[in-house]
Amino acid sequence: MPKAAGDAKLLIQSLNKAYAATPTNLKIIDLYVVFAVATALVQVVYMGIVGSFPFNSFLSGVLSSIGTAVLGVCLRIQVNKDNKEFKDLPPERAFADFVLCNLVLHLVIMNFLG
């Protein structure tokens, strides 16, 4: 087996082992972020195949998906117990910030749609 393939296999095994120790609430947030990014990718592929006639709608959808993913990553950082920077922030406050920022994001997106 080539050295690069063995290194890649070792890297994947170590990542799987480290991710197995991740708490369930962080895994759920990770799934949410992956779904938001996948939604953005599906919209970009759809635009490439069909066209972008209402370009504002396409741009709003992609920005909404990417913005939601970024806010999800911020929530994950704040909720993570291993992160010492946000140790005094309760998870309820972090989730309230996430919901409020999502509300503002989607109000801006709806305004952009016209």
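Numbers for residues simply follow the sequence, beginning at 1. Because the structure is predicted, anything quoted here is derived from the model rather than measured.
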Next item on the list: Determine, using the 4.5 Å side-chain heavy-atom cutoff (strictly less than), whether Phe95 and Leu71 are members of one ILVMFWY cluster.
Entry: yes
Notebook entry, point to check: Between atom CG of Asp97 and atom CG of Asn102, what is the distance when rounded to the nearest 0.5 Å?
Noted result: 11.5 Å
Next item on the list: Provide the closest heavy-atom pair for Leu113 versus Ser57 in the form atom of the first, atom of the second, distance.
Entry: CD2-CA, 3.7 Å
Note to self: A side-chain contact here means heavy atoms from C-beta on lying under 4.5 Å apart; do His106 and Thr68 qualify?
What the structure shows: yes
Margin query: I need the minimum non-hydrogen distance between Ile77 and Phe86, along with the two atoms involved.
Written below: CG2-CE1, 3.7 Å
Notebook entry, point to check: Under 4.5 Å between side-chain heavy atoms, hopping through other hydrophobics if needed: is there a path connecting Val104 to Val99?
Noted result: no
Margin query: Can you confirm whether Pro91 sits close enough to Lys81 that some side-chain heavy atom of one is under 4.5 Å from a side-chain heavy atom of the other?
Written below: yes
Item checked: Heavy-atom pair of closest approach, residues Gly72 and Phe98 -> N-CE1, 3.7 Å
Notebook entry, point to check: For the residue pair Phe112 and Leu59, what are the closest heavy atoms and their distance?
Noted result: CZ-CD2, 3.8 Å
Item checked: Hydrophobic cluster membership, Leu105 vs Val108, 4.5 Å side-chain cutoff -> no
Checklist line | Set of side-chain hydrogen bond (donor to acceptor under 3.5 Å, both in side chains) partners for Tyr46, sequence neighbours left out | finding: none
Next item on the list: Would you give the length of the straight line joining atom CG of Asn16 to atom CD1 of Ile12, rounded to the nearest 0.5 angstrom?
Entry: 7.5 Å
Note to self: If I take atom OG from residue Ser60 and atom CD from residue Gln43, how far apart are they, to the nearest 0.5 angstrom?
What the structure shows: 9.5 Å
Next item on the list: Could you list the residues that satisfy side chain to side chain contact (heavy atoms under 4.5 Å, CB included) with Leu103, not counting sequence neighbours?
Entry: Leu107
Check: Rounded to the nearest 0.5 Å, what separation is found between the CD atom of Gln78 and the CG atom of Asn83?
Finding: 9.0 Å
Notebook entry, point to check: Between Ser64 and Ile109, what is the shortest heavy-atom contact and its length?
Noted result: N-CD1, 4.0 Å
Notebook entry, point to check: Would you say the side chain of Val45 lies within less than 4.5 Å of the side chain of Ile49, judging by non-hydrogen atoms?
Noted result: yes
In a table with atom names and distances, give each donor-acceptor pair under 3.5 Å that connects a side chain of residues 18-40 to protein atoms at least two apart or in another chain.
from: Tyr19; atom 1: OH; to: Asp30; atom 2: OD2; distance (Å): 2.7
from: Thr22; atom 1: OG1; to: Tyr19; atom 2: O; distance (Å): 3.1
from: Asp30; atom 1: OD1; to: Arg76; atom 2: NE; distance (Å): 2.5
from: Asp30; atom 1: OD2; to: Arg76; atom 2: NE; distance (Å): 3.4
from: Asp30; atom 1: OD2; to: Arg76; atom 2: NH2; distance (Å): 3.3
from: Thr39; atom 1: OG1; to: Phe35; atom 2: O; distance (Å): 2.8

